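One structure below.
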Amino acid sequence: AFLALITGSTVQRFYEALDKPGAPLQSPLTPWQTLVDRLINSPSKIEKRHYFLGSSLYHDYPILLDGEVLSDHGHILGDTGARKTSLGIAPLATQLIAKRKSILMIDLKGELPLFHGLREEAARAGMPFKWFTNVADRSSYVFNPFLQKHWRRFNSNQKVQIVLSALSLDYGFDYGRAFFTAMNEMALSNLVRNKRIDSFEGIHQILSHKEFYKEIGDLLDWEKARHLVALVNRLRAVHALNLTPDALPGRPELFDNAIELTDLLYEPQVVYFYLKAPVESLTTAGVAKLAVYSLFTAAAQDESIEKDRVFILIDEFQQMISSSVEQVLQQGRTLGVSFVLSHQTKGQTKQGGINIEETVESCTAYKHNYRASDLRSIEELEKLSGQGMYHRFAWTQTAPASDDDEEDIAPKFSHTGDVMVSEGVGPLMERNLVMELSADPNGSFVRFTKDSGYTRFGGKATPMLSDFHIQRPEFFERSREEFPEANRETVVVEPDFGDTIDVSVVSNNPPQNPSMKKRMPLLPDGADPDEKLTGLL
């Protein structure tokens with residue numbers, strides 16, 4: 001009785017101090033945050049470079065991702081609603097920021113909880129956070145790919161090649177495709193060599209009117225470069241993508257604080273592209289590829305060994321499938337740029353005659369599947385789990401005499417010693433387990449094709465359980481939080497920006513009178529360009 005009294009009193013004191021709501025010693029951290037905090041602040045250099053993914057289904061030990069493996073790119077798959085973002089991208093991005101790693105987040109769904117989550121984590125880590133969006137009436141930092149620091153160091157031919165690759169206007173080397181690639185290249189090359197171009201609005205103004213273009217090139221190029229013109233027409237409508245100091249002479253702070261992707265290589269920071277794709281999928285994909293290719297070319301142009309590794313996280317990666325993205329994946333790691341790609345199925349890596357499935361498979365060392373709902377995925381996970389030796393039992397059984405020929409004879413295990421045992425090879429994860437864990441909201445399968453540090457699974461697919469890195473009330477609070485208001489460093493995105501042009505962007509010699517820097521309406525169909533556009537060239 002005395003022991004029970006002492007024990008009961010001790011348990012009560014622990015409850016009052018630790019577990020009771022509002023207890024003085026209660027940790028404000030979730031279990032996930034506590035474990036990650038221990039990793040980040042570990043005295044062991046090996047532990048510090050790891051990221052926490054979840055716990056093993058079999059033995060409940062933590063599954064850790066070594067930074068050396070993550071540097072070789074990651075690939076996250078899962079159906080819509082499989083929690084790829086909340087259980088995969090968000091926790092990983094949170095840990096990257098806590099370790100002060102630069103992130104370029106390409107969000108082609110425009111998820112507010114993820115946006116606000118990374119913004120809060122960047123503030124907590126003391127890192128700059130800038131964002132770009134195409135959503136009208138929301139604030140955005142300026143991102144003009146033609147005003148990036150490294151752009152000025154390229155010659156005309158390099159600039160043309162970069163734009164063609166970034167916009168996926170290089171179709172291949174066979175005769176028909178190569179012809180139209182050449183037409184795009186000739187049209188853009190004539191423009192770059194003869195005009196000062198610092199926005200897509202300026203490119204469009206010349207390429208959209210043959211009277212403008214015939215002053216600098218052959219009209220055959222102009223007529224065959226319609227794909228180039230169409231893409232430029234979409235991109236000139238994106239407000240914060242086309243702003244220049246000449247267009248806004250009274251707002252120098254916009255360009256002093258504009259998104260400069262080269263800076264990610266030297267200063268830990270987060271740049272978030274919040275792009276709403278459902279309405280403008282072609283436009284947002286173009287903006288996303290421009291951002292990725294701008295960072296890639298900045299890393300390629302700067303050969304300094306002191307630059308930091310930058311992580312590009314892409315949600316809804318299937319919208320960016322192109323041959324130029326394939327090249328970036330193949331070469332990015334050696335240039336200090338690592339990718340984490342997230343989308344629904346492997347089949348999405350085959351689009352529009354382009355198949356980069358093998359490239360994605362071979363270039364990614366960290367592979368994460370959040371739900372296997374189709375037969376191909378289930379069978380693949382079975383095979384990738386590795387093989388084990390199984391014992392199978394068999395026995396003989398004498399059927400009892402019966403007058404009823406249709407009587408069911410239930411098999412019974414033999415106790416007479418005539419049991420036969422055979423050995424066979426089978427997958428370590430059987431199909432039922434794959435299906436059951438796929439149905440678990442917190443279940444997933446992780447595989448690493450490279451062993452390093454504490455990430456040692458021999459290349460086998462491993463079943464895992466994950467938990468949210470924040471509590472549900474905090475998640476819903478972020479989803480209701482307002483987008484940041486505009487300040488002196490940002491602009492409010494204007495709708496239908498492409499309906500107007502900036503005269504100073506088109507002209508080689510910007511007007512000296514600031515009052516002339518006005519937005520002029522485009523010519524209506526059928527208007528006489530000789531009357532309305534005199535003096536613009």
Side-chain angles (χ1 to χ4, degrees), residues 27-53 64-68 70-71 74 85-107 111-133 139-141 143 257-274 291 295 299 306-315 336-340 342 366 466-471 474-475 477-479 481 483-484 487 489-490:
S27 173
L29 304 178
T30 65
W32 184 93
Q33 292 168 332
T34 301
L35 196 152
V36 169
D37 186 67
R38 289 176 59 187
L39 272 179
I40 293 174
N41 297 295
S42 172
S44 168
K45 291 184 179 180
I46 296 179
E47 287 184 2
K48 287 174 70 73
R49 75 182 193 213
H50 286 75
Y51 301 86
F52 176 64
L53 297 181
L64 304 179
L65 170 60
D66 189 357
E68 295 294 323
L70 184 59
S71 295
T85 302
S86 57
L87 291 179
I89 295 177
L92 182 59
T94 297
Q95 294 178 73
L96 285 168
I97 294 173
K99 292 175 182 284
R100 297 187 62 78
K101 304 292 185 181
S102 285
I103 290 179
L104 172 59
M105 181 71 220
I106 306 294
D107 181 4
E111 295 213 6
L112 274 177
L114 183 62
F115 173 84
H116 289 302
L118 269 59
R119 187 164 66 97
E120 292 174 15
E121 295 298 335
R124 187 176 291 113
M127 294 168 56
F129 180 88
K130 296 181 180 180
W131 63 92
F132 178 94
T133 185
S139 63
S140 176
Y141 281 83
F143 168 65
N257 296 281
I259 292 174
E260 177 55 68
L261 294 177
T262 305
D263 292 346
L264 272 73
L265 300 168
Y266 298 96
E267 179 188 3
Q269 57 184 283
V270 180
V271 174
Y272 198 113
F273 275 70
Y274 183 93
L295 178 57
E306 298 182 0
K307 60 188 178 186
D308 296 325
R309 181 162 294 277
V310 179
F311 292 87
I312 303 179
L313 281 60
I314 305 177
D315 201 0
V337 178
S338 297
F339 287 82
V340 178
S342 176
Y366 157 52
S466 304
D467 202 358
F468 294 104
H469 71 297
I470 59 173
Q471 297 178 348
E474 186 175 356
F475 173 83
E477 182 179 346
R478 288 177 178 175
S479 64
E481 192 173 345
F483 212 76
N487 54 32
E489 298 179 359
T490 61

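Below, all heavy atoms of this structure are taken into account, side chains as well, without hydrogens, waters or symmetry copies. Every value quoted in this text rests on a predicted model; they were computed, and no experiment measured them. For reference, positions follow the sequence shown, starting with 1.
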Using 0.5 Å steps for rounding, measure from the [atom1] atom of [X] to the [atom2] atom of [Y].
X    : Y    : atom1 : atom2 : result
F132 : D107 : CZ    : CG    : 13.5 Å
M105 : I312 : CE    : CD1   : 11.0 Å
E489 : K130 : CD    : NZ    : 7.0 Å
F52  : I40  : CZ    : CD1   : 12.5 Å
D467 : L35  : CG    : CG    : 11.5 Å
L295 : D263 : CG    : CG    : 11.0 Å

Whether the T85 and D315 side chains hold a donor-acceptor pair (N or O, under 3.5 Å, no angle test) is what I'd like checked. yes

*asked:* If only side-chain N and O atoms count, and only distance matters, is there a donor-acceptor pair under 3.5 Å linking N487 with T490?
replied: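 Yes, side-chain donor-acceptor contact under 3.5 Å.
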
### Pair F311-L70, side chain to side chain contact (heavy atoms under 4.5 Å, CB included): steps then yes or no
CA-CA 9 Å; F311 292 87; L70 184 59; 3.8 Å; yes

Locate the shortest heavy-atom distance separating [X] from [Y]; write the atom from each residue and the value.
X    : Y    : answer
S86  : H469 : O-ND1, 4.1 Å
W131 : S139 : NE1-O, 2.9 Å
I97  : E121 : CG2-O, 3.5 Å
L112 : F483 : CD2-CD1, 3.9 Å
L118 : A93  : CD1-CB, 4.0 Å
Y141 : N257 : CD2-O, 3.3 Å

Using side-chain heavy atoms (C-beta onward) and a distance below 4.5 Å, is [X] in contact with [Y]?
X    : Y    : result
V271 : F143 : no
H50  : S42  : no
D66  : I46  : no
V36  : T94  : no

Evaluate the side chain to side chain contact (heavy atoms under 4.5 Å, CB included) criterion for residues L313 and L96: first the C-alpha distance (whole Å), next the side-chain angles of each, then the deciding distance (0.1 Å), finally the verdict. CA-CA 11 Å; L313 281 60; L96 285 168; 4.2 Å; yes

Please check if the number of heavy atoms outside [X] that lie under 6.0 Å from its [atom1] is greater than 12.
X    : atom1 : value
Q471 : CD    : no
K101 : NZ    : no
R100 : CZ    : yes

Evaluation steps, salt bridge (charged side-chain N to carboxylate O under 4.0 Å, His left out), between E481 and R478: CA-CA 5 Å; E481 192 173 345; R478 288 177 178 175; over 6 Å; no

Tell me, with the steps shown, if F129 and F115 meet ring pair (Phe, Tyr, Trp, His ring centres under 6.0 Å).
-> CA-CA 10 Å; F129 180 88; F115 173 84; 5.5 Å; yes

Without swapping roles, check the side chain of [X] against the backbone of [Y] for a donor-acceptor pair under 3.5 Å.
X    : Y    : result
N41  : D37  : yes
S102 : Q269 : yes
T133 : Y274 : yes

Margin query: Cation-pi check for Y51 against K99: NZ or CZ below 6.0 Å from the six-membered ring centre and within 45 degrees of the axis, yes or no?
Written below: yes

